[in-house]
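Shown next, in structure tokens, is the structure this report addresses.
Chain letters run A, B, ... following the sequence lines, proteins first and then strands; every chain starts at 1.
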Amino acid sequence: MTAKGKKGFARAKELYQDRSQRAKELKAEGKKVMGYFCLYPVLELFTAFDIVPYRILGDMGEPITKADSCLPTIVCPFIRSALDLGLKGKYDFFDGVVMCHSCEVGEKAAHIWRIYMDPSYYHFLDTPHTVHEPAQQQFKGQLEDFQKTLEALTGKKLSAGKLKDAVDICNQQRVLVRELYDLRKSDPPLISGTEIIEVMVALMSIPVNEGNALLKQIIDEARGRTDGPQKKPHRLLLWGTVIDNTALVEMIENAGANVVMDDTCVGSRAYFPMVEPTENPLDGLSRRYLVDIKCPRTFREAVYGDPKKHYIKDLEHRFGYLKDYAREWNADGVILQSVRYCDIHGYDTPGLSDYLNHIGLPNIYIEHDYSEGALAPLRTRVQGFLELIG
Amino acid sequence: MSEEKKKKAMNRLKTMYPLRANIDQAYERSVEATKAGKPTAWSMVNWWEADPILKAMDIEIVYPENYGAVCAAIGSAQKYLDRSDAEGFPTHMCGYARNCIGYTAEMTELGHIPSDAPMGGMSNPILLLSSGALCDARIKWFQSLGRYLDAPVWTVELPHPGVEESQMPGVREKSIQFMVKELRELVAFLERLTGRKMDWAKLEEITDDLIEINRIWYEINEFRKVRPCPMHSRDFWSCMNASLYPAGDPKVSLKLYRDMYDEVKDRVANKIGAVENEKYRMVFGELPPWHALKIFDELAERGWNFVVESWAYHAPKPIDYAKISDPLERVATQTYQWLTGYFPDALKEKEYMGYFAYPYLEWARTYQCDGALFHPLLTCRTATNHLILAQDRLLNKLHVPSLIAEGDIVDLKLFDYADTMRKAVVLEEMMDHYKKVRQEEGFEW
């Protein structure tokens, strides 16, 4: 069977194992392939210009060597890994890159990427830190500028209609991802946490419309499968930093739990928020990307401008959706995980733990250095946690 | 070598002493005021974006980042760091943040300022003012204090456009207007919080004083481009807080900076250097090892004169603010100018980290530096993550070599004095070599 002949889970696994395969084929056919970093470069804009969006990720299995010549080792190992892959030429098939102010190290790495790799097209989106109305307007202005650079690159003027169509296609993908995640609600789930990572990474490596077709195949296949995950004593929710490799989830699932829900940026965090239809699509897009994506890189508070502080109300506002996830997916524990040196998640961890304790959800915090070899010591902690929650 | 000779190796500015004393007195007055019950805000360093507003509303400002440096310098940080770790915060986080978290946890547990807190401690704040400038800790840290404090958190936005993007039509104007809108919201919030009204005339006066302080401070540092350089980095660090924080009465600071300007100008006219026999003109990267400043005396004896230092602590490039009538727009413009002032030059050279890294390049050229000493601060990623890039650009574009001597903002054990001196000798050989390379390639120095 040819690579293109595979379908459903097999195709997702194939793309997970060889991410660039399809993007390179499309490039050979004359399409532009654009690398993008983090969740804030708006997929709808790429899609509207018929550009293949390709998310820049790292590789836990690849030792970081070249990136050490331009970033110190005391920063996020995921970002170092992504930069390392770029410096090693693994992303040479890009026609350009779009970076953003994801976090501080992400921002610095964006500038370093441009200096050392000098892509023929480059744009930096300065995502604001807050979500108030002025910040949304500022971000909308950023998207307008981004759109102009894409118009200059492609020589095409973008119409509102075309952008609305792209919103529909991307929203369709979000609906399908929700449908896929719903298949994790049963006990046992119809799709494992490990498989979800493979599917998510695959989606981030192909055009959105192809991703939609793939999702439909996977949903059909999962519904009819008899070889799905086995029932296990525990159902876990996984929160934290980027997970673009199956190793961590596989370790957890082998320890006696099904990972039935996640809140990470190669998972529900990337896909659950929808774009609301607005007359100017950029209004809906700026709101969706700035406000509705719940990444700790953004400052949000319970009531804007309230001179009174309510700790639990604040936590409820920031993390309440996790209570919903735990209830809907029937999770009996939460693993908070982070790559080392991730400040944005690190500062949130004790507060989130307070919140989960407040609502009676057992939780544990684990930290890793984004390498497969370093996961073994965490297995013992995860096993201990599972024993603790009964 | 005699003590007398050591003193002679570095020639400190006389006007530095009253300016430094004014900063120290300002801290003491601030501690007294907050203990006496004056409304107090804990604030991130915000590069003049929120300071004038808080000052105009007569809110006392305490800077926990600065307090972290104080605790570290007198050896009191460890117990607060340990407390932060015990509270569940990751150990890799910013050392100043961990110090503050540990301190705050202890203060809350006790119900009062810990009796052994350095410099009288930090009083309970009515407000926590975060800043979107530069690093993640400065927007995340105060929110995490919600476990211990009832004070609301406000985050001041500062756009960080890319170098090329900053030059797109309208970006500067839109960014400043965004900041102005946010600052207007901040004023309204402070009025609700304190029950006081903003004194707009006072805000205008303070803002103008800060702009003038920064203009003079900038000009003082411009004098350092001459040979021999009249002012050492030690004097810069001793005096920067009257601009950066800004500590003390702005009018007093303004007068003292003017005195310093006159002294430095006089030194230039009389060719008086800050170091006897200036042999190597040096850049210093990041904050110095506060507990080991005597290393600069030892290096001065070898002819090392530190003529310029990290961008983040410097004043913005002066521009004309005369046509900006709205004080909030003046405030926003100054901070935005500080952040992006080097971007147009950076773009010409295809250098895309327009702050932090690029200024080293521009300054190494305009201050005619022979080498750089970089002091990465291991629990401060912001102070560290651009230094390898800067090192590479200095060497490959200007043939200016550098050495990295690791240290930290709170863990003083990380700085190895003896090893740094050993490396300094090696760097001298490299500087001698690259000086020849520069000359061969037609560089001016």
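Proximity of a side-chain donor or acceptor of A/Arg114 to a complementary backbone N or O of B/Met353 within less than 3.5 Å is not detected. Within the 3.5 Å criterion, the main-chain N or O of A/Asp145 finds no donor-acceptor partner in the side chain of B/Glu165.
A heavy-atom distance below 4.5 Å is not found between the side chains of A/Lys309 and B/Leu149. At a threshold of 4.5 Å between non-hydrogen side-chain atoms, the residues B/Arg393 and A/Ile115 count as touching. Within the 4.5 Å cutoff, the side chain of A/Lys108 has heavy atoms near those of the B/Phe356 side chain. Between B/Cys94 and A/Tyr347 there is a side-chain heavy-atom pair separated by less than 4.5 Å. Put simply, the side chain of A/Thr130 does not reach to within 4.5 Å of the side chain of B/Trp154, judged on heavy atoms. Within the 4.5 Å cutoff, no side-chain heavy atoms of A/Phe299 are placed close to those of B/Lys140.
Residues B/Ile139 and A/Arg297 approach most closely at CD1-O, 3.5 Å, considering heavy atoms. B/Asp136 approaches A/Cys103 most closely through the heavy-atom pair OD2-CB, 3.4 Å. For the pair A/Gly346 and B/Pro90, the tightest heavy-atom approach, listed with the atom from each and the gap, is O-CD, 3.4 Å. Heavy-atom minimum distance, B/Phe178 versus A/Pro128: CZ-CB, 4.4 Å. Here the shortest heavy-atom pairing between B/Gln143 and A/Arg300 reads NE2-O, 2.8 Å. Taking each heavy atom of B/Asn385 and A/Leu71 in turn, the nearest pair found is O-CD2, 3.7 Å.
With a threshold of 4.5 angstrom between heavy atoms, B/Leu127 does not approach chain A through any atom at all. Heavy-atom distances place the backbone of B/Glu87, and not its side chain, under 4.5 Å from chain A. Proximity to chain A (any heavy atom under 4.5 Å) is shown, for B/Tyr148, by neither the backbone nor the side chain. For B/Phe189, the part lying under 4.5 angstrom from a heavy atom of chain A is the side chain only. For a residue to count as touching a neighbouring chain, one of its non-hydrogen atoms must lie under 4.5 Å from one of that chain's; by this rule B/Ala151 touches chain A with the backbone only. In this structure, chain A has a heavy atom under 4.5 Å from the side chain of B/Met168, while its backbone stays farther away. Within the 4.5 angstrom heavy-atom criterion, only side-chain atoms of A/Tyr116, from C-beta onward, approach chain B. With a 4.5 angstrom heavy-atom cutoff, B/Leu186 does not touch chain A via any of its atoms. Of the two parts of B/Val153, the backbone and the side chain both hold a non-hydrogen atom closer than 4.5 Å to a non-hydrogen atom of chain A. When heavy atoms are compared at a cutoff of 4.5 Å, B/Ser175 approaches chain A by way of both its backbone and its side chain.
Checked against A/Pro72 for a side-chain contact (heavy atoms from CB on, under 4.5 Å), the options B/Ile404, B/Leu387, B/Thr384, B/Leu389 give a single hit: B/Thr384.
Side-chain atoms of B/Tyr352 and A/Asp118 form no donor-acceptor pair, as typed in the model, at a separation below 3.5 Å. In the model, A/Tyr304 has a side-chain atom that pairs as donor or acceptor with a side-chain atom of B/Glu185 under 3.5 Å.
Ring planes of A/His101 and B/His160: perpendicular class, angle over 60° (limits at 30 and 60°).
The cationic group of B/Arg147 does not satisfy the cation-pi geometry with A/Tyr355, failing either the under 6.0 Å distance to the six-membered ring centre or the 45° limit from the ring axis.
Summarising the local packing, CD of B/Glu406 is surrounded by 12 or fewer heavy atoms from other residues, nucleotides or ligands at distances under 6.0 Å.
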Discussion item. Quick one, A/Glu133 with B/Lys181, criterion salt bridge (Lys or Arg N to Asp or Glu O under 4.0 Å). Give me CA distance, side-chain angles, the key distance, then yes/no.
Written reply: CA-CA 10 Å; A/Glu133 182 58 29; B/Lys181 277 186 207 165; over 6 Å; no
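The pair B/Arg138-A/Asp343 does not count as a salt bridge, with every side-chain nitrogen at least 4.0 angstrom from each carboxylate oxygen.
Of the listed residues B/Glu164, B/Gln177, B/Gln391, the one with more heavy-atom pairs under 4.5 angstrom with chain A than any other is B/Glu164.
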